[in-house]
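Structure, as structure tokens:
Just so it is clear, the structure is predicted and the values come from calculations on it, not from any experiment. Labels below follow one simple rule: chain letters A, B, ... track the order of the sequence lines, proteins then strands, and each chain is numbered from 1. Just so you know, these numbers use all the heavy atoms, side chains as well, and skip hydrogens, waters and symmetry mates.
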Number of protein chains: 2
Amino acid sequence: MNNKRIELLKIISHPTRIKILEELSRGVKCVRDIEEFLEVRQANISQHLTLLRHSRAVDYYMDGRLRCYFLKDPMVPEILKALKKNYTKDLPAPECCPVTKKGYTLGKGRSK
Amino acid sequence: MNNKRIELLKIISHPTRIKILEELSRGVKCVRDIEEFLEVRQANISQHLTLLRHSRAVDYYMDGRLRCYFLKDPMVPEILKALKKNYTKDLPAPECCPVTKKGYTLGKGRSK
DNA sequence: TTCATATATTCTAATATTTGAATATATACC
DNA sequence: GGTATATATTCAAATATTAGAATATATGAA
């Protein structure tokens, strides 16, 4: 598995950055637009955008004083989709322990 | 967006844990199986499995001395799929800066 | 009960991430 | 030029993550 992809995934995995990416998935936005709907200070948003830029998740157009950000990496929408999906139940558990083919007891760790 | 999902995404985003999850996506495995194909010590694998258990990404069956781990959270395979997908090009960039509807220059930050 | 096997936990040091505060830069407009 | 606006950078402190080492626990077998 490509390590760059995993790094990008890690970068994505932050509440503020997810919000930024979701907003960008609805269309191009400049930093002030992002400031408006997030309760986060400008400098911090800029820090997050810098991370997203460096990991090539986003890119931007400059128009005069504005930087208009947009999504660039095609994995990002896929990840957002997977995050938003409504999962109704757990994956089916295997019939029995396939290693020993014998009976089993359920893991106790599941409630922790 | 559900914060638990984002936390899980962050937990997933680690090279060793991705490898473990990929292996589990091929079928149930006990810890020793995982040790065999990863060049990581048992204690460390156990630490990663503990994280994955606590975030409910995986669960396990006990069979005597063996703990047979399997995938539990349905988002995990979706994320693995998104990671493995062969993305051939970037998302299409917007025609022009939609904020000002004027001409634009491309961001210089893209090469950093 | 004792031993070996399978796995987990605890502790710790190194490192990375996160945020706020302050400051810097770049551009448009006067 | 000077000023206001839009955004980025730097620094530092708080916090979180990571991996290794040592040790603990649980189970099955003898």
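- Counting only heavy atoms from C-beta outward, the side chains of R32(B) and E35(B) approach each other to under 4.5 Å.
- Closest contact between the side chain of L49(A) and the listed nucleotides dA8(C), dA8(D), dT7(D) involves dA8(D).
- Evaluated for a side chain to side chain contact (heavy atoms under 4.5 Å, CB included) with V58(A), the options L52(A), D73(A), I20(A) yield exactly one hit, L52(A).
- Residue Y69(A) places at least one side-chain N or O under 4.0 Å from the OP1 or OP2 atom of dA8(D).
- Residues forming a side-chain hydrogen bond (donor to acceptor under 3.5 Å, both in side chains) with K81(A) (at least two apart in sequence, or on another chain): none.
- Listed by chain and residue number, R53(A) satisfy the side-chain hydrogen bond (donor to acceptor under 3.5 Å, both in side chains) test with T50(A) (two or more places apart in sequence, or in another chain).
- The interatomic distance linking I45(B) (CD1) with dT7(C) (P) rounds to 10 Å, in whole Å.
- Not a single salt bridge (charged side-chain N to carboxylate O under 4.0 Å, His left out) links R17(A) to another residue, sequence neighbours left out.
- In this structure, Y60(B) places its OH atom 17 Å from P of dA6(C), rounding to the nearest Å.
- The interatomic distance linking L52(A) (CG) with dA8(D) (P) rounds to 11 Å, in whole Å.
- Taking 4.5 Å as the limit, every side-chain heavy atom of K4(B) sits out of range of all side-chain heavy atoms of R56(B).
- One finds a side-chain N or O of R67(A) lying less than 4.0 angstrom from the OP1 or OP2 phosphate oxygen of dA8(D).
- Atom pair L38(B):CG and dG20(D):C1' shows a separation of 16 Å (rounding to whole Å applied).
- Listed pair T50(A) / dT9(D) meets the phosphate criterion, a side-chain N or O lying under 4.0 Å from OP1 or OP2.
- As rounded to whole Å, 16 Å separates atom C1' of dT19(C) from atom CD of E39(A).
- Proximity of S46(B) to the phosphate of dT7(C): no side-chain N or O atom is located under 4.0 Å from OP1 or OP2.
- Within the 4.5 Å cutoff, the side chain of N44(B) has heavy atoms near those of the H48(B) side chain.
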- With sugar-phosphate taken as primed atoms, P, OP1 and OP2 and all else as base, the protein-contact string of nucleotides 10-18 of chain C at under 4.0 Å (heavy atoms; B, S, -) is B------SS
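- Atom CG of D33(A) and atom P of dA6(D) are 11 Å apart (whole Å).
- E35(B) places its CD atom 7 Å from the P atom of dT7(C), with the value rounded to the nearest Å.
- Between R26(B) and E23(B) there is a salt bridge, with a side-chain nitrogen of the basic residue lying less than 4.0 Å from a carboxylate oxygen of the acidic one.
- Counting heavy atoms from C-beta outward, K29(A) and F37(A) have side chains that stay 4.5 Å or more apart.
- Put simply, the side chain of Q42(A) and the base of dA6(D) share no donor and acceptor less than 3.5 Å apart.
- Residues L66(A) and V31(A) have side chains not in contact (no heavy-atom distance under 4.5 Å, counting atoms from C-beta outward).
- Using a 4.5 Å heavy-atom threshold, the side chains of F70(A) and L24(A) count as separate.
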Expected rows: protein N/O vs nucleotides 2-5 of chain D N/O, under 3.5 Å:
residue: dT5(D); atom: O4'; partner: R65(A); partner atom: NH1; Å: 3.1

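- Summarising the geometry, atom OG1 belonging to T16(B) is positioned 11.0 Å from atom CG belonging to L49(B); distances are rounded to the nearest 0.5 Å.
- Fit an axis to the five pairs at each end of the helix from dT1(C)-dA30(D) to dC30(C)-dG1(D) and the two axes sit 10° apart, to the nearest 10 degrees.
- At the phosphate of dT9(C), OP1 or OP2 sits under 4.0 Å from a side-chain N or O atom of R53(B).
- Here dT17(D) presents its P atom at 14 Å from NE2 of H54(B), a figure rounded to the nearest Å.
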